[in-house]
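Structure first, commentary second.
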Amino acid sequence: MLDLRDQVLAEVGAGDQADNEIREVRNMGANNLSERLQLPAARDELYQLGETLNSFLHKLDMSFEQQRRFGMNQKTRVSVVKTKFEKLHTLGIHKQKVWEYANKRTGLLENFQ
C-alpha cells in the first residue's frame, strides 16, 4: 500500500504528464500533424488518452494528405484542359465551341464561366 507521500508524488507526476500532453496538443497544427504525443511509461488513463489522441492525429493527418492529393489532381486536370483549350483556340476554333468541348469532356469548367 502506498503511503501519503508516495500518493502525492504520483499525482504530481501525473499532473506534469497531463500538462505536457496538453502543451503538445496545443502546439499542433496543420503543418505538424505527423507528430505524435509522447506516451507515459505507465499504462494508465493518461497513456490511454495519449494513445487515443495519437490515433486521432493519424486519421486527421491521413485526411489532410488525401485532401492535398485531391487538390493537386484537380489542379493538374484543369491545367490539361486549359492547355487543350489554348491549343484549339490558336488553331482558330471559335472560343465558344472550345469551351463547350472542354466542359463536356471534363465538367470542370462549369464554375469558371
Which pairs count as salt bridge (charged side-chain N to carboxylate O under 4.0 Å, His left out) when at least one residue sits in residues 50-63, sequence neighbours excluded?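 As it turns out, there is no salt bridge (charged side-chain N to carboxylate O under 4.0 Å, His left out) pair with a partner in residues 50-63 once direct neighbours are skipped.
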Do any pairs count as a salt bridge (charged side-chain N to carboxylate O under 4.0 Å, His left out) and have a residue in residues 22-37, sequence neighbours left out, and if so which ones?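 Sorted result for residues 22-37: empty, none.
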So how far is it from E21 CD to D19 CG, rounded to the nearest 0.5 Å?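 CG of D19 is found 10.0 Å from CD of E21.
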Apart from M28 itself, what residues make up its hydrophobic cluster, given side-chain heavy atom links below 4.5 Å?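 ILVMFWY cluster around M28 also holds V25, L33, L37, L49, L53, F56, L57, L60, F64.
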Using a side-chain heavy atom cutoff under 4.5 Å and only I, L, V, M, F, W and Y, what cluster partners does L39 have?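 Y47, all in the cluster of L39.
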May I ask you to check whether over 12 heavy atoms, not counting those of N31, lie within 6.0 Å of atom CG?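 No, not enclosed.
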Under the rule for side chain to side chain donor-acceptor pair (under 3.5 Å), what residues qualify as partners of R68, not counting sequence neighbours?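 If we apply the side chain to side chain donor-acceptor pair (under 3.5 Å) test to R68, skipping adjacent residues, the hits are E65.
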For residues D44 and P40, report the shortest heavy-atom separation together with the two atoms involved.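 For D44 and P40, the tightest heavy-atom pair comes out as OD1-CG, 4.1 Å.
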